[in-house]
Amino acid sequence: MADLVFVHGWGFDKSFWQDVIAHLEDFTCHSLDLGFYGKPDMRLPTEAVYVTHSMGLCWLLDRKTDLKGLVSVNGFTKFCAADDFVEGVNPRVLKRMIRQFTKTPETVWSDFMKNSGLTSAVFAAEADVQAMADGLAYLETCDVHNLYSNLTCPKRALVGDADLIVPKKMSEASFARDLICYKGGNHLLPLYQPKWVADQLRDFLDQTS
């Protein structure tokens, strides 16, 4: 049985996955931590199926492509729009977000969380503002579209059709035929539909084992 390694996205920590993992008690699970709230844990085990959220997909594929399997949740292969990725976010929107973050990080973080679908968002006192700023800067240039397309391992992409951060057309441009959509789902499927995400993981593993 494959081990599962979870990678969270911008503004969260490894606890982001706890409700999903609670439905996977028969699997060995490990959650990475990208260090937005303290000491990071970025070990990348071999012989594992990786499960990523949002920016976590790009972060992972920029570091590791020899995967046993890959499931992206609310992810993207490129964030900013370009000639070869017209469905991305207008770069000026992200640049404005980066400028504002240097002045009022709490406000930018809270607005992002509300747009993601988090109903109650409190900026933690222990937040590493520099690490979060670096994460936003990474979104300007991240591009793993070809890396994702060239993966030879089994892969799947779970998306929500009400995701305001990664709209469905952006998901389709990123993942084409690998998509499975949760009707009415926002950008935080692991928080609000953890059992559905866990069930999709089980189905993915059953089909690829």
Side-chain angles (χ1 to χ4, degrees), residues 2-24 27-79 109 112-113 116-118 127-128 131-139 141-145 147-151 153-160 163 165-166 170-171 174-175 178-180 185-194 196-198 200-202 204-205 208:
D3 290 352
L4 298 176
V5 179
F6 294 83
V7 186
H8 65 81
W10 187 81
F12 289 98
D13 62 14
K14 65 181 181 181
S15 66
F16 177 79
W17 294 103
Q18 62 188 10
D19 291 342
V20 174
I21 292 174
H23 293 286
L24 299 167
F27 289 87
T28 299
C29 299
H30 172 67
S31 295
L32 273 60
D33 197 305
L34 302 189
F36 295 133
Y37 299 96
K39 186 177 180 181
D41 176 3
M42 302 182 183
R43 293 171 292 166
L44 297 172
T46 58
E47 293 299 308
V49 172
Y50 279 78
V51 185
T52 66
H53 178 255
S54 193
M55 185 193 78
L57 174 67
C58 292
W59 182 93
L60 172 66
L61 293 185
D62 269 335
R63 290 159 177 79
K64 185 177 181 65
T65 56
D66 55 329
L67 313 174
K68 196 168 184 179
L70 175 64
V71 177
S72 165
V73 187
N74 299 115
F76 47 84
T77 58
K78 183 176 174 68
F79 191 71
W109 181 89
F112 172 82
M113 292 300 166
S116 296
L118 195 62
D128 188 329
M132 288 193 189
D134 292 343
L136 289 178
Y138 172 65
L139 289 175
T141 59
C142 66
D143 183 354
V144 299
H145 196 76
L147 289 174
Y148 179 85
S149 297
N150 292 331
L151 287 175
C153 68
K155 52 192 178 181
R156 181 172 294 182
L158 309 180
V159 304
D163 189 335
I165 305 298
V166 185
M170 186 172 168
S171 298
S174 292
F175 304 112
D178 298 328
L179 285 178
I180 294 180
N186 61 22
H187 190 61
L188 303 176
L189 290 176
L191 292 184
Y192 290 99
Q193 284 80 36
W196 181 81
V197 172
Q200 291 298 322
L201 288 174
R202 287 183 181 279
F204 173 78
L205 294 169
T208 58

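Quick caveat: nothing in here was measured; it's all calculated off a predicted structure. These numbers come from the heavy atoms of this one structure, side chains and all, not from hydrogens, waters or symmetry mates.
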Do you know the tightest heavy-atom contact between G11 and M132?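 So the two residues come closest at CA-CE, 4.3 Å.
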After noting the C-alpha distance and the side-chain angles of L118 and L191, does the key distance pass the side-chain contact (heavy atoms from CB on, under 4.5 Å) rule? CA-CA 9 Å; L118 195 62; L191 292 184; 4.0 Å; yes
Hey, is the main chain of L61 close enough, under 3.5 Å, to the side chain of T65 for a donor-acceptor pair?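 Not at all, since once roles are kept as given, no pair shorter than 3.5 Å links the two residues.
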Does R202 reach the main-chain N or O of A198 with its side chain, forming a donor-acceptor pair under 3.5 Å?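 It does not hold such a pair.
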Listed once per pair and sorted, the salt bridge (Lys or Arg N to Asp or Glu O under 4.0 Å) pairs that draw on residues 35-59, sequence neighbours left out: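 Pairs touching residues 35-59 that pass the test: D41-R43.
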Listed by chain and number, what are the side chain to side chain donor-acceptor pair (under 3.5 Å) partners of [X], not counting sequence neighbours?
X    : result
D19  : none
D128 : none
N186 : none

Listed by chain and number, what are the ring pair (Phe, Tyr, Trp, His ring centres under 6.0 Å) partners of W196, not counting sequence neighbours?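 Testing W196 for ring pair (Phe, Tyr, Trp, His ring centres under 6.0 Å), a comparison that skips the adjacent residues, returns Y182.
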Tell me every residue that passes ring pair (Phe, Tyr, Trp, His ring centres under 6.0 Å) with F16, counting only those two or more places apart in sequence or in another chain.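 Per chain and number, F16 pairs via ring pair (Phe, Tyr, Trp, His ring centres under 6.0 Å) with F12, H53.
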Would you say the side chain of W10 lies within less than 4.5 Å of the side chain of I165, judging by non-hydrogen atoms?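 Result no, sub-4.5 Å side-chain heavy-atom pair not found.
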Taking the side chain as everything from C-beta on, heavy atoms only, tell me whether T208 gets closer than 4.5 Å to R156.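 Side chain of T208 against side chain of R156, heavy atoms only: no contact under 4.5 Å found.
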Member of L57, V49, V51 meeting the side-chain contact (heavy atoms from CB on, under 4.5 Å) criterion with L70: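 Testing each of L57, V49, V51 against L70, the sole residue satisfying side-chain contact (heavy atoms from CB on, under 4.5 Å) is L57.
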